Amino acid sequence: MKELELKLMVPARRRTTLLRALGLSTAFKVHLEAHYFDTADRLLERSNISLRVRKEGDAWIQTLKSSTQHQVTRFEDNVVLASSDDAPCPDLSRHSDRKLRATLHKLAGDVSQLELREVHQTEVTRRIVTRILENDAVEIAFDEGAIRANGHEIPVSELELELKSKSSARQLFQLAKELVREHGLCLSTLSKASRGAQLSKTSQARPLAVKAEPVMFSPKASAGQQFRAMVDNCLAQICPNASHVAAGSVDADQVHQLRVGIRRLRSLLREASPLVGAVPSHWETSLRTTFQALGAYRDQVDVSETIKPKLEAAGAPLAVPPGQAVGIQAMQESVRSADFQVVLLECLEFTRVIDRTANVSAQKVLAMRMDALHRKVLKEGKHFAKLDTDRQHSVRKRMKRLRYISELSAPLFNAKKVKQFLSRLGPAQDALGEHNDGLVALEEFRMGTDKDGRAWFGVGWLTARKSETEAQCQDALKALKKAKSFW
């Protein structure tokens, strides 16, 4: 059985008002104790599968969940185990679903030979109400409690919206957007299983940042469905990192990967939206605003991590610009903003739409867009060192769009040729990235000279370095001419 579920984080300050508004403050409470199992080498986790044994009333229910192609849709299969006070050992052979058994057999052959052990547990109090929205039954559940592993625990305070009927998901997403706007909730794609698995490894609820994965779709699918698969691929990078930042993370890698995911999505919307016609204009507006807020924080981190060591090695009296530190709270609030959160929900809903657009050729459209970007990059690259800062930045942005569209459209072209092209593009992008870091730092030091005269050393050193990195960029762009286009 597939379940469509949206999970929303509930801030402590919003709890009482939210529960009262949804009728949950007087709802019947259920105590849920769940134990999660895996092998010693985390075979199930690595295959995006979770195995849970949860006490519901007097019975223990074993649940096997696996991810699907959509971010908020999961496959779920439940079996009833024996009634007892203590959690019984899980039994994977009890699951009779044909597809699920085939998946398990592919992973492990004889599942009875798997040595399972408990990796973490959850204990929550759940309040549930059901709301009928235009003949769609939506279950609204509020979970409050903790996830525990290795003597450590992290809190749980989340609202789950689950579509119980088989009709359209439109009303589910509409309800989620209303809750975001009215109560300041934030989307979370982090399951209790994934949070618990991380806690069991590190004793901290701070998993690694999620990076982009190769996109997968059939070259025979319609252009609209291919485009939606690309959007979903971007969301697979954006949503988990956004969930962490919205929850309070200041991890530089998570912020960086969130920015990369947003840039990939913005590139896709700009270059490939003709495949489905117009997309809502406010998507770009909101994505750009949050991208810029994240960028201000990320630039500060870049100066500290990349420029500071080099200035210190050069004997600089001041290795960090004396400007104001970028407000972490402002960066997080941008991610938590209703505008950004609503766009995430709308994009997720968009990926579920069955395509009914005209049968245009995605390969043809994207080839034309990549060719135009490639030509502009090479043309401007001939005289990169003579370009002003804004035009240099434009070259870098075009190169990034070229890379991301190349990656996202890869299933439409020869895989070997795509890989070869990207291997040539990489060094040029790295060179332009290093040059840009220097320009950002140079501007920061210039602005800081009024506050601290020692900043002039950084201005001088970075100005001299600017000429060097410009020459490196021009050489890298010249070498890019040797890259054969795959389109």
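No experiment lies behind these values; they were computed from the predicted model shown. Along the sequence shown, residues are numbered consecutively beginning with 1.
Side-chain atoms of Q332 come within 3.5 Å of backbone N or O of S249 as a donor-acceptor pair. Listed for the R14 side chain is a donor-acceptor partner under 3.5 Å among the backbone atoms of H183. Using a distance-only test at 3.5 Å, with no hydrogens or angles considered, no donor-acceptor pair links the side chain of E271 to the main chain of M370. The backbone N or O of L412 lies less than 3.5 Å from no partner atom in the side chain of S409, so there is not a single donor-acceptor pair. Side chain of S194 to backbone of L190: no donor-acceptor contact under 3.5 angstrom is found. For the pair T351 (side chain) and L348 (backbone), a donor-acceptor distance under 3.5 Å is present. No donor-acceptor pair closer than 3.5 Å links the side chain of D77 to the backbone N or O of L64. In this structure a side-chain-to-backbone donor-acceptor pair under 3.5 Å is present from Y297 to V250. Counting only distance, with no hydrogens or angles, the side chain of R403 and the backbone of G426 share no donor-acceptor pair below 3.5 Å. Side chain of S304 to main chain of Q300: no donor-acceptor pair is present (N/O by atom type, distance under 3.5 Å, no hydrogens or angles).
Ion pairing between K310 and E468 fails under the 4.0 Å rule for side-chain N and carboxylate O. A salt bridge is defined here as a Lys NZ or Arg NE, NH1 or NH2 lying under 4.0 Å from an Asp or Glu carboxylate O, and R375 with D371 meets this definition.
Around NE2 of H282, the count of heavy atoms belonging to other residues, nucleotides or ligands within 6.0 Å exceeds 12. Atom CZ of R270 has 12 or fewer neighbouring heavy atoms from other residues, nucleotides or ligands inside a 6.0 Å radius. Counting non-hydrogen atoms of neighbouring residues, nucleotides and ligands closer than 6.0 angstrom, the NZ atom of K65 exceeds 12 such neighbours.
Taking the centre and axis of the six-membered ring of F291, the NZ or CZ atom of R263 falls outside the cone set by 45° and 6.0 Å.
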Checklist entry - Given E470 and Q392, is the side-chain hydrogen bond (donor to acceptor under 3.5 Å, both in side chains) satisfied, shown in steps? => result CA-CA 9 Å; E470 280 178 338; Q392 288 181 348; 3.0 Å; yes

Next on the checklist: side-chain hydrogen bond (donor to acceptor under 3.5 Å, both in side chains), that's the test. Do D339 and S337 meet it? Break it down for me.
Outcome noted: CA-CA 5 Å; D339 286 346; S337 70; 5.7 Å; no

Checklist entry - Could you walk me through whether R42 and S200 pass the side-chain hydrogen bond (donor to acceptor under 3.5 Å, both in side chains) check? => result CA-CA 11 Å; R42 307 295 178 116; S200 68; 2.9 Å; yes

Next on the checklist: Evaluate S406 against F486 for side-chain contact (heavy atoms from CB on, under 4.5 Å), listing each step before the verdict.
Outcome noted: CA-CA 9 Å; S406 297; F486 58 85; 3.6 Å; yes

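Here the OG1-CG distance, from T63 to N78, works out to 3.5 Å after rounding to the nearest 0.5 Å.
Residues T189 and L235 have side chains not in contact (no heavy-atom distance under 4.5 Å, counting atoms from C-beta outward). Between E434 and R465, the closest side-chain pair of non-hydrogen atoms falls below 4.5 Å. Contact annotation: the side chain of F445 approaches that of L311 to within less than 4.5 Å [non-hydrogen atoms, C-beta and beyond].
Residue L462 comes nearest to G438 through the heavy atom pair CD2-O, 4.2 Å, listed as atom of the first residue, atom of the second, then distance. Nearest heavy atom pair, residue V303 against residue P321, reads CG1-CD, 3.6 Å.
Using bins of under 30°, 30° to 60° and over 60° for the plane-to-plane angle, the ring pair Y36/H120 lands in the parallel bin.
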